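Everything on this sheet refers to the single structure shown next.
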Amino acid sequence: MKKLAFAIGASLLSLGIASGSVAAEERFITIGTGGQTGVYYVVGQSICKLVNRGAAEHNIKCTAPSTGGSIANINAIKEGSMDMGVAQSDWQYHGYNGTSKFEETGPFEDLRAVFSVHPEPFTVVARDDAGIASFDELKGKRVNIGNPGSGQRGTMEVIMEAKGWSLGDFLLASELKSAEQSAALGDNKVDAIIFTVGHPNGSIQEATTTTEAHLVPVEGAEIDTLVSENPYYSKATIPGGMYKGSDEDTNTFGVRATFVSSAAVDEEVVYEVVKAVFDNFDRFKGLHPAFANLKEEEMISAGLSAPLHDGAARYYKERGWLK
Ligand code: GLU
């Protein structure tokens with residue numbers, strides 16, 4: 001009799017444990033990335049890989065589909081169809097403040113910074129046979145200015161406005177997505193492509209190996225003004241020798257890739273995501289060559305203009321990185 005009572009007790013106990021872990025309800029999160037051949041896609045996939053490894057403890061399941069890029073991600077987070085996403089530092093700034101492309105929709109006050117990732121130089125690649133040695137020589141040429149919703153399309157429009165250019169200044173202004181444009185350059189459908197992207201990456205490698213092509217510098221008075229007047233831009237250099245056809249350094253300007261979320265996303269969820277990345281930081285850095293030089297101290301402040309998400313701040317305080 002005693003034995004039976006013990007057995008029942010034990011099975012009740014194990015039931016209790018089982019129902020306890022079921023009660024720690026499964027949560028699914030989605031991270032907005034970019035085109036499949038870009039670095040944002042690897043950022044999202046890498047974060048999810050690290051989060052999903054810990055699912056037994058926190059029960060968070062993470063997916064990171066390809067998307068249209070920065071601006072599309074911020075809009076999706078605002079609508080609540082995505083929980084987190086990668087976005088250029090310039091579009092994080094404008095999203096939060098309701099400026100530039102976000103003027104019509106207004107400030108997204110709940111936008112939250114989580115951390116920044118790799119630097120992203122504004123990158124222009126031209127076919128060698130197109131006669132484009134400087135950014136201004138894009139005028140009159142067939143240029144892929146990028147899909148609406150992408151960070152590079154937005155930033156390209158900012159440069160065009162600074163220079164007083166319109167779409168009519170190009171022979172063709174195509175709107176191919178980042179994953180399609182390297183092939184279009186190789187097939188001679190366009191003379192030049194643009195991509196705000198971390199280096200080195202497979203997409204620019206494809207563009208510079210499938211045809212004779214080179215990186216084009218983006219500099220001059222308008223760029224100097226953009227960089228000196230806006231905290232989210234800085235001068236950038238793509239090292240010579242990184243890509244075929246570009247042995248010298250290429251001067252341009254750039255932004256940072258940043259990871260953002262919304263105040264509407266649970267503190268605990270953001271905490272667990274941040275913890276998955278920084279508790280496994282060496283592993284994370286090994287997942288793409290553009291992550292090789294990442295430093296924790298820089299990632300919690302550089303390029304961030306929206307307030308830090310509470311879940312991120314909690315982890316940074318725990319590590320002693322924030323007061
Ligand atoms: N910076 C690009 C964008 O905001 C995406 C870069 C990438 O896919 O790595 O759309």
Side-chain angles (χ1 to χ4, degrees), residues 31-48 64-78 82 84-96 100-102 108 111 113-125 144-159 174-183 193-207 215 218 230 232-234 236 238 242-243 252-261 284 287-294 302-306:
I31 295 176
T33 63
Q36 263 175 27
T37 59
V39 185
Y40 282 15
Y41 190 67
V42 184
V43 172
Q45 293 293 316
S46 302
I47 293 173
C48 281
S66 81
T67 71
S70 286
I71 294 175
N73 294 341
I74 292 172
N75 287 333
I77 294 168
K78 189 174 184 179
M82 291 202 167
M84 296 167 205
V86 196
Q88 291 179 197
S89 50
D90 49 350
W91 299 116
Q92 178 189 139
Y93 177 95
H94 291 304
Y96 182 68
S100 185
K101 295 212 142 307
F102 292 96
F108 174 13
L111 184 63
V114 180
F115 51 76
S116 64
V117 208
H118 52 282
E120 296 190 281
F122 185 82
T123 306
V124 179
V125 186
N144 188 53
I145 60 168
N147 62 289
S150 70
Q152 55 272 4
R153 171 60 177 273
T155 306
M156 180 67 174
E157 287 179 5
V158 169
I159 304 173
S174 56
E175 298 189 314
L176 298 173
K177 296 186 207 157
S178 60
E180 301 163 337
Q181 64 177 353
S182 296
I193 59 173
I194 58 165
F195 201 4
T196 319
V197 68
H199 295 287
N201 68 76
S203 176
I204 301 299
Q205 200 163 20
E206 183 192 344
L215 298 171
V218 185
N230 298 294
Y232 40 78
Y233 292 137
S234 57
I238 306 166
M242 188 171 264
Y243 299 104
T252 179
F253 77 111
V255 293
R256 273 214 174 232
T258 73
F259 191 53
V260 297
S261 185
F284 180 80
L287 293 170
H288 195 285
F291 305 160
N293 300 320
L294 294 181
L304 307 182
S305 45

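Predicted model, so just to flag it, every value in this text is computed and none were measured. Counting convention: from 1, in listed order, for ligands and their atoms alike. Hydrogens, waters and symmetry mates are skipped; everything else that's a heavy atom, side chains included, is used.
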Using side chain to side chain donor-acceptor pair (under 3.5 Å) as the criterion, list what pairs up with S261, not counting sequence neighbours.
none
Residues in side chain to side chain donor-acceptor pair (under 3.5 Å) contact with E157, at least two apart in sequence or another chain:
K101, R153
Report each N/O pair between ligand 1 and the protein that falls under 3.5 Å, naming both atoms.
{"residue": "ligand 1", "atom": "1 (N)", "partner": "Y40", "partner atom": "OH", "Å": "3.2"}
{"residue": "ligand 1", "atom": "1 (N)", "partner": "Q88", "partner atom": "OE1", "Å": "2.9"}
{"residue": "ligand 1", "atom": "1 (N)", "partner": "E120", "partner atom": "OE2", "Å": "3.0"}
{"residue": "ligand 1", "atom": "1 (N)", "partner": "T196", "partner atom": "O", "Å": "2.7"}
{"residue": "ligand 1", "atom": "4 (O)", "partner": "S70", "partner atom": "N", "Å": "3.3"}
{"residue": "ligand 1", "atom": "4 (O)", "partner": "S70", "partner atom": "OG", "Å": "2.4"}
{"residue": "ligand 1", "atom": "4 (O)", "partner": "Q88", "partner atom": "OE1", "Å": "3.3"}
{"residue": "ligand 1", "atom": "4 (O)", "partner": "G151", "partner atom": "N", "Å": "3.1"}
{"residue": "ligand 1", "atom": "9 (O)", "partner": "V39", "partner atom": "N", "Å": "2.7"}
{"residue": "ligand 1", "atom": "9 (O)", "partner": "Y40", "partner atom": "N", "Å": "2.8"}
{"residue": "ligand 1", "atom": "10 (O)", "partner": "S70", "partner atom": "N", "Å": "3.3"}
{"residue": "ligand 1", "atom": "10 (O)", "partner": "G151", "partner atom": "N", "Å": "2.8"}

Look only at the side chain of E175 and the backbone of I145, and say whether a donor-acceptor pair between them is shorter than 3.5 Å.
no
Solution key, residues 37-44 side-chain donor-acceptor pairs under 3.5 Å, sequence neighbours excluded:
{"residue": "Y40", "atom": "OH", "partner": "Q88", "partner atom": "N", "Å": "3.3"}
{"residue": "Y40", "atom": "OH", "partner": "E120", "partner atom": "OE1", "Å": "2.6"}
{"residue": "Y40", "atom": "OH", "partner": "E120", "partner atom": "OE2", "Å": "3.4"}

Kindly assign one of parallel, tilted or perpendicular to the pair H118 and F291, based on the angle between their ring planes and the thresholds 30° and 60°.
tilted
Hey, what do you get for CD1 (I204) to OG (S182), rounding to the nearest 0.5 Å?
5.5 Å
